[in-house]
Amino acid sequence: ESRRDLDGVRLLITAGGTREPLDPVRFIGNRSSGRQGAALAQAAASRGAHVTLIAAHVEVTLPEGVAVVSVETTAQLAEAVEQHAPESDAIIMAAAVADYRPAAVSNAKIKKETVGDTLTLELVKNPDILAGVAARAAANQIVVGFAAETAETDEALLELGRAKIARKGCDFLVVNRVGWNEGFATQRNAVTVLDRAGSIVIEAQGSKLSVADEILSVLAERLLA
Ligand code: C5P
């Protein structure tokens, strides 16, 4: 298959999980493998897009033919997005970004000998990068967010998604259910894409590469509209 429907489209994609340091040897992280974001980058590049991939911690090999910017923390990811967003036709925020970071980072390793039996961490909220990008987006830029949620039912999942897209103000939201054995760190994925109105645009399931291609077709259609 050799679709070139994203020829020349400038695409910014974030992938992987951010890591928020506690001290020089420890961090607060998450189970994102970066696989869905890397698959989006690979599929987009093969459809002709110029892809910049902002990669937080990933556990997969990143595709050839995309410009990679490596970051670790949410602050670094925010800075890289801010720098590259203005020159992008579309922005896909697939990274799992830490909602909170430690209030203080210790320059010395935290030692149990000095801390004692309980250690209390104070965390402060990170800025919402997606909401910021969506608020500043030009009329012709498309912004896509992701929502990884634990939900009991499909209906509950969609309700969380609808509330989230309203909060974030992005054009599309890719909702996927995550759990101990679902979504994160797996080969396959099942997603529902919502538009601003909260309506279902597509439902896609399969390998993360095939899901990526279906998400990109939604983008391609909007870009051509
Ligand atoms: O609010 P929640 O973390 O569920 O939102 C997920 C979406 O928002 C993802 O697209 C993620 O990349 C983005 N996000 C962000 N900045 C944050 C938290 C999440 O851009 N601080």
Side-chain angles (χ1 to χ4, degrees), residues 11-21 27-41 44 51-58 68-86 88 90-103 123-137 141-151 156-179 182-185 189 191-196 198 201 204 208 211-212 215-216 218-219:
L11 199 54
L12 183 63
I13 300 173
T14 68
T18 58
R19 289 179 161 186
E20 304 291 343
F27 57 82
I28 294 180
N30 60 69
R31 293 178 58 227
S32 170
S33 64
R35 201 173 267 120
Q36 186 64 74
L40 280 159
V51 180
T52 299
L53 179 62
I54 300 175
H57 176 73
V58 296
V68 175
V69 179
S70 292
V71 298
E72 180 123 348
T73 64
T74 301
Q76 290 165 353
L77 191 136
E79 196 186 316
V81 168
E82 215 162 285
Q83 187 186 334
H84 293 278
S88 306
I91 300 158
I92 307 180
M93 302 281 288
V97 178
D99 290 325
Y100 295 90
R101 68 177 184 279
L123 305 178
V124 293
K125 207 172 193 181
N126 274 327
D128 194 311
I129 304 164
L130 171 60
V133 157
R136 288 190 299 272
Q141 281 182 314
I142 303 174
V143 181
V144 182
F146 269 66
E149 302 285 357
T150 54
L157 187 70
L158 283 184
E159 276 319 304
L160 288 169
R162 290 189 176 111
K164 183 157 295 187
I165 193 166
R167 241 179 5 249
K168 302 271 187 181
C170 50
D171 297 286
F172 297 106
L173 189 72
V174 181
V175 183
N176 71 323
R177 193 183 300 187
V178 295
E182 263 185 298
F184 275 3
N189 209 0
V191 307
T192 302
V193 178
L194 299 178
D195 65 14
R196 273 180 190 279
V201 185
K208 288 188 173 174
V211 166
I215 294 167
L216 291 171
V218 172
L219 266 191

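Atoms within a ligand are numbered from 1 in the order they appear, just like the ligands themselves.
- With rounding to the nearest 0.5 Å, the separation of OG in S88 from CD1 in I142 is 11.5 Å.
- Annotation: K168 places an N or O atom under 3.5 Å from an N or O atom of ligand 1; distance criterion only.
- In P127, the part holding a heavy atom less than 4.0 Å from any atom of ligand 1 is the backbone.
- For L130, a nitrogen or oxygen atom sits less than 3.5 Å from a nitrogen or oxygen atom of ligand 1, counting backbone and side chain alike.
- With hydrogens and angles disregarded, a donor-acceptor distance shorter than 3.5 Å links the side chain of D171 to the backbone of V143.
- In this structure, V175 and V191 have side chains that are not in contact, with every pair of non-hydrogen atoms separated by 4.5 Å or more.
- When side chains are defined from C-beta on, V211 counts as touching Q36, because their heavy atoms get closer than 4.5 Å.
- What sits closest to atom 10 (O) of ligand 1 on the protein, heavy atoms only, is M93 O, 2.7 Å.
- Note: no N/O pair closer than 3.5 Å links G145 and ligand 1 by distance alone.
- Taking CD1 from I13 and CG from L53, the interatomic distance works out to 6.5 Å, rounded to the nearest 0.5 Å.
- Salt bridge status for K125 with D99: absent, with no side-chain N to carboxylate O gap under 4.0 Å.
- A heavy-atom separation below 4.0 Å is found between A95 and ligand 1.
- A donor-acceptor pair is defined here as one N or O able to donate and one able to accept, closer than 3.5 Å; such a pair exists between the side chain of S33 and the backbone of R35.
- Checked by atom type and distance alone, the side chain of R162 pairs as donor or acceptor with a backbone atom of G198 at under 3.5 Å.
- Of the candidates I129, N126, I92, it is I129 that places a heavy atom closest to atom 15 (C) of ligand 1.
- Summary of contacts: the protein heavy atom closest to atom 9 (C) of ligand 1 is F146 O, 3.1 Å.
- Distances between N or O atoms of K164 and those of ligand 1 include at least one value under 3.5 Å.
- The contact set between ligand 1 and D128, taken as ligand atoms under 4.0 Å from a residue heavy atom, comprises 15 (C), 16 (N), 17 (C), 20 (O), 21 (N).
- Considering D99, V97, I91 only, the shortest heavy-atom separation from atom 14 (N) of ligand 1 involves V97.
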